[in-house]
Structures are given as C-alpha cells and as structure tokens.
Amino acid sequence: MNKKKAIMILSVCISLLVCTACQKQVEDAEPIDIETDSEVETVQEDIEDSIEETEPEEEIEEELTEDDLTESDTNEEESRTVYNRVLEDGETFLDGYNNLILEEDVKRSALIYLDEDDIPELLVLKNGEYRLYACDGTQITEITMPDDGIRANAYGPRHIQENYSRDCTFYWFEYVPYQGVLRVHNSIDEERCDYYLRYEDGSFALELEARFVDTTWHTYDAKQEIDNEDFLSRLSDVGYDELMPCGYLYENIEDAYENIGRTSNTREVLEDFISGKIDAVYSVEEVNDIPEESFAMISYEELYNSYIMGDAIGSINYVDFDNDGEEELVMEDYMGNSIFFDVIGDTVYKVIRASGTADIAYIVEMEGKRVIARTDLTHGGRRCYSIFQYDACGCVVDFFGLDAYYEGSRYTAEDEFWYRGQEITMEEFEEKVNSIQRIPLE
C-alpha cells in the first residue's frame with residue numbers, strides 16, 4: 001500500500017469515529033417533551049387563575065383600559081405626513097374624498113359644513129384621532145392643528161371627580177355648523193384637556209382651553225389663565241355655547257353626503273332604550289376606528305334587574321340637565337343611587353352615575369344654569385357639593401366645589417369654608433348653599 005492511499009483510509013476512519021460519537025451524544029441526551037394542545041390550555045388556565053388570585057379583576061381591566069386609551073396616538077402617528085393631493089381632471093370633491101378614504105384605509109367618516117362655502121369638509125376617524133380635510137375644488141388639503149401638542153382625540157380620560165374612578169370616554173367631534181368654531185380633546189398626563197379652535201382661511205387658531213389638573217378645573221385664554229366665570233362668558237360671546245356633536249359616522253362617502261346635517265328625535269331614542277329596542281353605552285373598552293365596537297353596552301332590563309345596590313329603579317324622569325333645550329334621562333332607585341343618560345345621534349350613553357348614601361346626585365339650578373350637584377352631606381365633619389355643568393355634547397364646561405369642613409356635628413364661623421378653590425366665610429358658604437334650587441323630579 002502506498003503512502004497516499006494509507007492517508008486517505010486513515011481520514012475516512014477518523015470521520016466515521018466522529019460521526020459515531022455525535023450520534024451517541026444525541027441518543028444519550030434528555031428527551032424534549034412536546035406539550036399537547038390540552039396541556040397548553042391547562043398551563044394557560046393556571047396562569048389566568050394565578051392572576052385572578054393576586055389581582056382583582058376590575059383593577060386589571062382599569063389598567064388595561066387606561067394604557068390603551070392614553071397611548072393610542074403616540075406611536076405611528078408621530079411620523080405621519082400631512083395629506084395634500086391635487087384633484088385630477090374631471091374629478092369632483094366627492095371623488096377626491098372617496099379616494100382619500102380608500103388610500104388612508106378609513107373606517108368611519110362624515111361630511112360637515114364647518115364654514116360657509118359650498119363644499120363640505122371631510123371628517124375622518126383614524127387611529128383614535130379625528131382628522132379634517134378641506135377641498136377648494138382643485139385640491140384636498142389636511143387642516144392641521146395650530147400646535148403639535150394639540151390633538152383631536154376621539155378617546156380619552158374622564159376626570160376622577162366625574163366618576164370617582166379613572167373611567168374613559170369617547171369624545172364626539174363637536175362644532176358649530178358654518179361658523180368655523182369647534183372643540184377637540186386631548187389628554188396631558190392622563191388629565192383631560194379641551195381646546196376651543198376657530199377655523200379661518202384654511203387653518204385653525206387656538207382661542208380658549210380648559211383642563212382638569214388633579215381635582216381642579218383650569219381655564220385659559222390661549223396661554224393666559226382666566227377665571228371660570230370669564231371663561232363661560234367668552235364661550236357664549238364667541239359662540240362656543242352652540243357646539244353640537246357630529247353624532248353619525250359612516251362607512252362610505254355616499255352615505256356621509258346623503259346624511260349631512262342629520263338629526264334625531266332625542267325623546268324617541270330614549271324611549272326606545274326604556275322599551276328595550278336599543279341598548280345604551282355604559283363605558284368604553286378600547287380604542288377602535290369603528291366606535292360601536294369599542295362600547296360596552298347595557299340594556300334597560302339589565303339596569304333594572306341589577307341596578308347598583310340591587311334595588312329596583314324607583315323613578316324614570318325626562319328632564320333637561322345640560323341647558324340644550326332637549327330632555328335627557330335621569331333614573332333613580334330607592335337608595336338614592338342615580339344615573340344620568342344623554343343622546344348623541346341615535347346613541348344613548350351614560351353621562352354620570354352616583355352611588356347613593358354619601359354620593360347623592362341631583363339636578364339643581366345655580367347661577368342661572370341647570371347643573372348636576374353631587375353631594376356628601378351624611379358624613380360628620382363635612383358638607384360637600386361637587387358641581388358639574390354639562391353642555392349639549394355631554395362634556396363638562398364648568399366644575400367647582402362648595403365645601404365646609406369642621407369638627408363635631410355642626411360648623412361654626414371658625415371652621416373652613418371653600419368655593420371654587422378659594423377660602424370663604426361661613427356667611428358666604430350659606431349664601432351659596434341657599435342659592436341652590438333643586439329641580440323636582442317625579
């Protein structure tokens with residue numbers, strides 16, 4: 001055997017030895033168990049049971065809801081470009097709007113007359129945010145907010161003083177037809193912020209704003225803080241007291257154009273809820289460009305059979321509590337629990353709910369307006385009134401406290417008295433309390 005052939009045979013033998021060793025190592029290794037579908041389900045159930053044992057269900061739902069709603073517009077929206085497209089020859093504004101909806105994959109939209117020209121503006125809901133577009137007959141341009149920090153969110157937080165929890169809500173788009181006046185909503189550090197805007201010459205200008213900060217309501221003329229009375233006066237002077245919600249969003253431009261300015265019979269919608277024909281929006285579960293898929297609904301029957309403390313509903317009243325000239329719905333039970341509903345379009349939705357005993361709510365007239373007073377008058381050491389003034393869109397436009405804090409069973413002139421965050425005298429406190437005129441219900 002020559003030397004070259006011997007080397008080749010030796011190489012083959014070494015290769016065979018290495019392969020045999022590898023195979024032996026694999027055979028001696030611990031077997032890997034592959035879980036069946038039933039075993040995976042069992043593990044998943046164990047995890048879910050563990051979560052339920054360590055954290056109450058309602059706390060989990062609240063945390064998820066807050067995260068969903070407050071993070072809805074902070075990802076891909078930051079880098080999006082402004083829409084601007086020239087219409088092609090023979091293309092109408094309706095064709096252009098329809099193409100825009102297809103290009104942007106918009107699920108819900110409406111046509112509104114924001115100003116006085118003949119071509120309506122396009123309102124769309126995308127990624128939990130409202131966007132507006134205008135057409136001058138030759139091109140479609142997106143109408144951007146006056147500042148990068150201003151958002152037109154459709155979803156956001158309510159305030160802790162409204163529901164005594166961090167419940168979230170759906171904001172309807174609110175405007176005054178033909179007047180170029182609108183309001184949009186945002187949240188800063190999970191606090192609700194409202195921006196009052198004016199539309200002129202194709203752009204928005206910021207005129208007024210209001211914010212919940214902690215438990216206090218702050219109002220501004222652009223960047224200068226003003227008191228609430230001045231703020232409310234300016235709302236009226238400028239025309240913001242005429243805001244109305246855009247209560248209908250459609251799947252296509254044809255339906256949106258056909259239903260411009262559509263209104264509903266509020267009383268009839270409420271009666272449909274009472275009769276069981278429709279359900280009411282009780283809360284918001286998630287951010288969704290199809291709003292109705294985000295709503296948690298409740299029927300009148302469910303409300304009646306398990307209303308708060310389990311007591312049957314004591315009274316059903318139709319009364320205007322937001323000064324819009326239309327009747328809303330107020331339901332009360334025998335324990336002092338109450339719930340207030342309003343109507344947007346053909347949708348009934350919960351505005352506010354009071355739990356009774358130390359949280360009794362009722363409609364009062366104060367300072368010339370109907371408001372909702374939530375009271376805590378049964379505890380020793382305090383007499384508290386939280387006053388909410390709502391508008392036709394179901395949003396708070398004024399909130400303040402009227403409170404007395406004292407030792408024992410009765411206050412004296414030496415105790416603490418507060419009104420709108422300012423300390424007042426006992427005489428001033430009693431004067432304000434005596435000015436509260438309760439609106440009687442049946």
**Prompt:** Which is it for Asn153 and His185 under the side chain to side chain donor-acceptor pair (under 3.5 Å) test, yes or no, and what are the steps along the way?
**Reply:** CA-CA 6 Å; Asn153 287 350; His185 302 276; over 6 Å; no
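- Looking at heavy atoms from C-beta onward, Arg370 lies in side-chain contact with Val319 at the 4.5 angstrom threshold.
- Looking at Tyr130, its side chain does come within 3.5 Å of a backbone N or O of Tyr171 through a donor-acceptor pair.
- Looking at Asp320, its side chain does come within 3.5 Å of a backbone N or O of Gly325 through a donor-acceptor pair.
- No more than 12 heavy-atom neighbours from other residues, nucleotides or ligands sit within 6.0 angstrom of CG on Asp148.
- Under a 3.5 Å cut-off, the side chain of Tyr155 and the backbone N or O of Asn288 do form a donor-acceptor pair.
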**Request:** Would you please test Lys223 and Asp221 for salt bridge (Lys or Arg N to Asp or Glu O under 4.0 Å) and show each step?
**Result:** CA-CA 6 Å; Lys223 298 301 181 182; Asp221 179 351; over 6 Å; no
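- Residues satisfying the side-chain hydrogen bond (donor to acceptor under 3.5 Å, both in side chains) test with Asn252, not counting sequence neighbours, are Asp255.
- Although no hydrogens or angles enter the test, the distance criterion places no donor-acceptor pair under 3.5 Å between the side chain of Glu191 and the main chain of Ile188.
- Within 6.0 Å of the CG atom in Asp237, the count of heavy atoms belonging to other residues, nucleotides or ligands exceeds 12.
- For Phe341 and Phe273, the distance between ring centers is under 6.0 angstrom.
- Surrounding CG of Asp201 are at most 12 heavy atoms belonging to other residues, nucleotides or ligands under 6.0 Å away.
- To the nearest 0.5 angstrom, Tyr406 atom OH is 8.5 Å from Asp415 atom CG.
- The cationic group of Arg183 does not satisfy the cation-pi geometry with Tyr240, failing either the under 6.0 Å distance to the six-membered ring centre or the 45° limit from the ring axis.
- Using a 4.5 Å cut-off on side-chain heavy atoms (C-beta onward), Glu174 and Cys246 make no contact.
- In this structure the side chain of Val184 reaches within 4.5 angstrom of the side chain of Met145, judged on heavy atoms.
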**Item:** From CA spacing to verdict: salt bridge (Lys or Arg N to Asp or Glu O under 4.0 Å), Asp376, Arg382
**Value:** CA-CA 8 Å; Asp376 179 0; Arg382 65 178 183 260; 2.7 Å; yes
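- Salt-bridge formation is detected for the pair Arg374/Asp359: a Lys NZ or Arg NE/NH1/NH2 atom is positioned less than 4.0 Å from an Asp or Glu carboxylate oxygen.
- Checking side-chain atoms of Ser187 against main-chain N and O of Gly156 turns up no donor-acceptor pair under 3.5 Å.
- The ring of Phe400 has its center no closer than 6.0 angstrom to the ring center of Trp217.
- Screening Tyr178, Tyr257, Tyr175 for a ring pair (Phe, Tyr, Trp, His ring centres under 6.0 Å) involving Tyr113 leaves a single residue, Tyr178.
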**Request:** Apply salt bridge (Lys or Arg N to Asp or Glu O under 4.0 Å) to the pair Arg420 and Asp398, showing each step before the final yes or no.
**Result:** CA-CA 10 Å; Arg420 290 189 180 275; Asp398 193 17; 2.8 Å; yes
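- For Glu431, the CD atom counts as loosely surrounded, since its 6.0 Å shell holds 12 or fewer non-hydrogen atoms of other residues, nucleotides or ligands.
- Two residues are said to be in side-chain contact when any heavy atoms from C-beta on lie closer than 4.5 Å; Ile150 and Leu206 meet this criterion.
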**Message:** Glu326 vs Thr266, test: side chain to side chain donor-acceptor pair (under 3.5 Å). Steps then yes/no.
**Reply:** CA-CA 7 Å; Glu326 297 181 340; Thr266 299; 2.9 Å; yes
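- Taking the six-membered ring for Trp and the full ring otherwise, Tyr411 and Phe417 have centroids separated by under 6.0 Å.
- What you find for Val106 and Val124 is that their closest heavy atoms are CG1-CB, 3.8 Å.
- In this view, Tyr390 satisfies the ring-ring contact (aromatic ring centres under 6.0 Å, His included) rule with no residue, not counting sequence neighbours.
- Contact annotation: the side chain of Asp342 never approaches that of Phe340 to less than 4.5 Å [non-hydrogen atoms, C-beta and beyond].
- Sorted by first and then second residue, the pairs that involve residues 256-269 and meet salt bridge (charged side-chain N to carboxylate O under 4.0 Å, His left out), not counting sequence neighbours, are Arg262-Asp346, Arg267-Glu271, Arg267-Glu327.
- Of all non-hydrogen atoms in Tyr220 and Arg211, the two that sit nearest each other are CE1-CD, 4.1 Å.
- Contact annotation: the side chain of Asn127 approaches that of Asp289 to within less than 4.5 Å [non-hydrogen atoms, C-beta and beyond].
- The environment of Gln422 atom CD is sparse: at most 12 non-hydrogen atoms of other residues, nucleotides or ligands sit within 6.0 angstrom.
- By the side chain to side chain contact (heavy atoms under 4.5 Å, CB included) test, Ile360 is found to be paired with Tyr362, Thr375, residues two or more places apart in sequence or in another chain being considered.
- The six-membered or imidazole ring of Phe295 lies near that of Phe170, with a centre-to-centre distance under 6.0 Å.
- The number of heavy atoms from other shown groups lying within 6.0 Å of CD (Glu430) is above 12.
- Listed here is the closest heavy atom pair of Ser203 and Ile143: CA-CG2, 4.4 Å.
- Under a 3.5 Å cut-off, the side chain of Ser435 and the backbone N or O of Lys432 do form a donor-acceptor pair.
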In a table with atom names and distances, give each donor-acceptor pair under 3.5 Å that connects a side chain of residues 91-104 to protein atoms at least two apart or in another chain.
unit_1 : atom_1 : unit_2 : atom_2 : d
Glu91  : OE1    : Glu88  : N      : 2.8
Glu91  : OE2    : Arg85  : NH2    : 3.4
Glu91  : OE2    : Asn99  : ND2    : 2.7
Thr92  : OG1    : Leu94  : N      : 3.4
Thr92  : OG1    : Asp95  : N      : 3.2
Thr92  : OG1    : Asp95  : OD2    : 3.1
Asp95  : OD2    : Thr92  : N      : 3.2
Tyr97  : OH     : Pro120 : O      : 2.8
Tyr97  : OH     : Cys135 : N      : 3.4
Asn99  : ND2    : Asp95  : O      : 3.3
Glu103 : OE1    : Tyr83  : OH     : 2.8

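- Under the 3.5 Å distance criterion, the side-chain polar atoms of Ser264 are matched with a main-chain donor or acceptor of Gly345.
- When the ring-ring contact (aromatic ring centres under 6.0 Å, His included) test is applied to Phe231, the partners found at least two apart in sequence or on another chain are Tyr196.
- Side-chain contact between Ser109 and Leu249: absent, with no pair of heavy atoms (C-beta onward) separated by less than 4.5 Å.
- The two residues Trp172 and Cys393 make their nearest non-hydrogen contact at CD1-O, 4.4 Å.
- Inter-residue side-chain proximity for Phe173 and Leu132 is flagged as met; some heavy-atom pair is nearer than 4.5 Å.
- Of the possible donor and acceptor atoms, none in the side chain of Ser236 sits under 3.5 Å from a partner among the backbone N and O of Ser233.
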